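Predicted model only: the values in this text are computed from it and were never measured. Lettering of chains follows the sequences in order, A, B, ..., and the numbering in each one begins at 1.
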Number of protein chains: 2
Amino acid sequence: MDYDRFKYCGLNVALDVLSGKWKPVILFHLFHEEEVRFTELWRNIPKVAKKVLLEQLKQMEEDGVIIREERNTFPPEVYYRISEKGKALGPALAALQNWATEHAAEEVAAMRAAKKVAL
Amino acid sequence: MDYDRFKYCGLNVALDVLSGKWKPVILFHLFHEEEVRFTELWRNIPKVAKKVLLEQLKQMEEDGVIIREERNTFPPEVYYRISEKGKALGPALAALQNWATEHAAEEVAAMRAAKKVAL
DNA sequence: TAACCTGTTCACTTTTTGGTAACCATGGAT
DNA sequence: ATCCATGGTTACCAAAAAGTGAACAGGTTA
């Protein structure tokens, strides 16, 4: 195991992209749904404030992990989807997920119980 | 690619463990040094407040990713090292690091330039 | 005795993040 | 005219995270 690659600078960049209360959930939806309309997303993630959801989406767009597409209809329709860069996060996210279920099962259960994130 | 495993609950647990301004750096040191004394760590991470470093270490200990060993000497010596659970984070961290260098090279460079994290 | 080192904690302050609720422009439906 | 839905912004507020500086107990050293 060659862990010399932990030039944690890159690690920090990656964590920066992921850090934000709702970003994991957003990614979850976007990984599953290919294309999600804003209001739809907003309704599927109960408890987020519109403003906050917008903020996180904007950050993620700036980070290049998602793509925002505005369609010229009325009422306006705005769709979000993952970019290639975003999809490339897949393995890393899976690895984290893996670690959690293998080494932190209790915490996962506790979190579920506390409903820190609802689905 | 089976991304059905993104039961983002686990993902959130993992990110929780990693989120904290100094945790990546701490991990970096602990992955490389086997055993680090508190003051030593504090001096190697310039700019952290002692209090904050202590906080992050305590959280990481509670999360079970590091181990705190207090030796009965005077003046007191406290050593930190990674636990097995912490070591198990290795692949996930490497994956994140990988993603950053492959898909976010510019951001990494920018961060280095901004000295958001110093080594 | 006084100054010192260590890991910790305390009392605050600042910064960052997240949340609430109102508002806007637009056009379609009632 | 009125109301609704959409995506977005604004002004304001609350909570969390990080930072500052001092203090502590304890024995060591000078």
Which residues satisfy the salt bridge (charged side-chain N to carboxylate O under 4.0 Å, His left out) test with A:Lys85, sequence neighbours excluded? B:Glu107
Would you name the heavy atoms of B:His32 and B:Phe28 that are closest together and state the gap between them? CD2-O, 3.0 Å
Applying salt bridge (Lys or Arg N to Asp or Glu O under 4.0 Å), run through A:Arg81 and A:Glu34 and close with a yes or a no. CA-CA 6 Å; A:Arg81 59 178 195 279; A:Glu34 187 68 29; 5.9 Å; no
Can you check the B:Asn72 CG to D:dG26 C1' distance for me, whole Å? 12 Å
Does any donor atom in the side chain of B:Lys23 or B:Gln59 lie under 3.5 Å from an acceptor atom in the other side chain? yes
Base, sugar-phosphate or nothing for B:Arg37? Non-hydrogen atoms, less than 4.0 Å. sugar-phosphate
A correct 5'-to-3' footprint of nucleotides 10-30 of chain C, with B, S and - meaning base, sugar-phosphate only and no protein heavy atom under 4.0 Å, is BB------SBB------S---
In Å, rounded to the nearest 0.5 Å, how long is the span from CH2 of A:Trp42 to NZ of A:Lys50? 5.5 Å
Using whole Å, report how far CG of B:Leu54 lies from P of D:dC24. 18 Å
Send over the distance from B:Glu70 CD to D:dA25 P, rounded to a whole Å. 17 Å
Please report, rounded to the nearest Å, how far the P atom of C:dT6 is from the OH atom of B:Tyr80. 15 Å
For A:Trp42 and D:dA5, give me the distance from atom CH2 to atom C1', rounded to whole Å. 11 Å
Look at the side-chain N and O atoms of A:Arg43 and state whether any lies under 4.0 Å from the OP1 or OP2 oxygen of D:dT6. yes
Suppose the criterion is salt bridge (Lys or Arg N to Asp or Glu O under 4.0 Å): which pairs have a residue in residues 52-65 of chain A, not counting sequence neighbours? A:Lys51-A:Glu55
Rounded distance in Å - NZ (B:Lys58) to P (D:dA17): 14 Å
